[in-house]
Student: 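First the structure, which I've put down as structure tokens, then a few questions once you've had a look.
Order of listing sets the numbers, starting from 1, for every ligand and every atom in it.
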Amino acid sequence: VNRRVPALLFLLLVIASPVFGSATATIDGKSTVRVAAYDRDGVIYVELGPVVAALGFNSSWNESSQKLLLRTDEHVLVVTPRSRYAIVDGRLRRMVGAPVFLGSRLCVPMAFVTGPLAEHVHKPIVFSEPDLATPPPPPALPHTPLYLKKIVLDSGHGGHDPGAKSPEGHKEKDINLAVAARLARRLTHEMGIEVVMTRSDDRFITLSERARIANTSDADLFLSIHANGAYNDVATGTETYFLSFDASDIQAARLAKAENDSFTMAEEGPFGVGGGDDLKQILWDMVRTETLKESEKLASAVQSKLEMELHMPSRGVKQAPFYVLMGSSIPAILVEVGFMTTSKEAAKLASPPVQEKIADALFSALLHYDTFMATQAGGAMRP
Ligand SMILES: [Zn+2]
């Protein structure tokens, strides 16, 4: 290996660092909007949001497909971060560079806006010479993540697997998804964190598929959201789990068994292996001790925020052998946000304001964990 490589890499990084600035877009010779602009390896990128808003597009971010969908009555535009291909009115259009996020602002090559986009909307779009010496307006995000870039949110159960049910018929799978969706929105819009949902609608996903998503999405952590079930109708409170080969108590063991039942609903085991002890051993071997430490830290952050922000008893941080956590090679926790089997509690969990409160608590726990990971002794900051 050439010893000069690190120095060369450093030089390349310096050269490749974007120069930020701003530009003004004039649309159809009339309206003018100011956008962030920057030079990335000689390609001028501009912020897409203000331009498409001025053109009357409504935008929505699809979490599961990681695409930005923009619509007017006549036009549909689909933009995928990190893909050079956009779909404009059903036609594939190639850009000179892939769209990228600058904080929460999605930026695309200027040539795409003045070319294919302008053509499709039949309105000329003209940019001023970008002023690259002026820094762009500060990011609109209230929180800038220090460490976290991408998170996998896992809504437990789904499809033919309802999870725990309340006497009144509320289903755990719906509560899990509602909380995950609320949390995803906050993470995306307030922190600019990329969120991957293992499911974004009511469908069955095997536990091995959930673990596969955790391990292949290049995410920083895996958060599985569940609501609890008990054999009595008075159990109450929240609890947060990280992985252990052995359950910390008898209730934890029972719960892991119940949650792992989704596993037996799958036709085959994860990684094409049958169930039982061999599988457990294979999964356990995949777990690295350092992610366990991070998982424990994350679990205590989550449990303490739930304790502070919800008017519900705290059942603490526990450990149990959940398959969905075992398969994950990134820090992973499972949170039980309350009991479905207790009528009063299930009714609370089904109410949107309570779901928002739970999402709030999880959001602040992730903020706390983000700061911890960025500042802990020996913890390296992300490049
Ligand atoms: Zn569950």
Student: So which heavy atom on Leu146 is nearest to which on Ala374, and how close?
Tutor: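 Answer, listing the atom of Leu146 first, then Ala374: CB-CB, 3.4 Å.
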Student: Show me the pairs that pass ring pair (Phe, Tyr, Trp, His ring centres under 6.0 Å) and involve residues 40-62, at least two apart or across chains.
Tutor: Tyr38-Tyr45, Trp61-Phe101
Student: Have a look at Glu172 and say which of its N, O or S atoms is nearest the Zn ion (ligand 1).
Tutor: OE2
Student: Taking both backbone and side chain into account, is any N, O or S atom of Glu259 nearer than 2.8 Å to the Zn ion (ligand 1)?
Tutor: yes
Student: How far apart are the closest heavy atoms of Gln355 and Leu349, and which atoms are they?
Tutor: NE2-O, 3.0 Å
Student: So which of the N, O or S atoms of His226 lies nearest the Zn ion (ligand 1)?
Tutor: ND1
Student: Only distances under 3.5 Å count here; give the side-chain donor-acceptor pairs of residues 229-237 to other protein atoms, sequence neighbours excluded, each with its distance to 0.1 Å.
Tutor:
residue, atom, partner, partner atom, Å
Asn232, OD1, Val234, N, 2.9
Asn232, OD1, Ala235, N, 2.8
Thr236, OG1, Glu345, OE1, 2.4

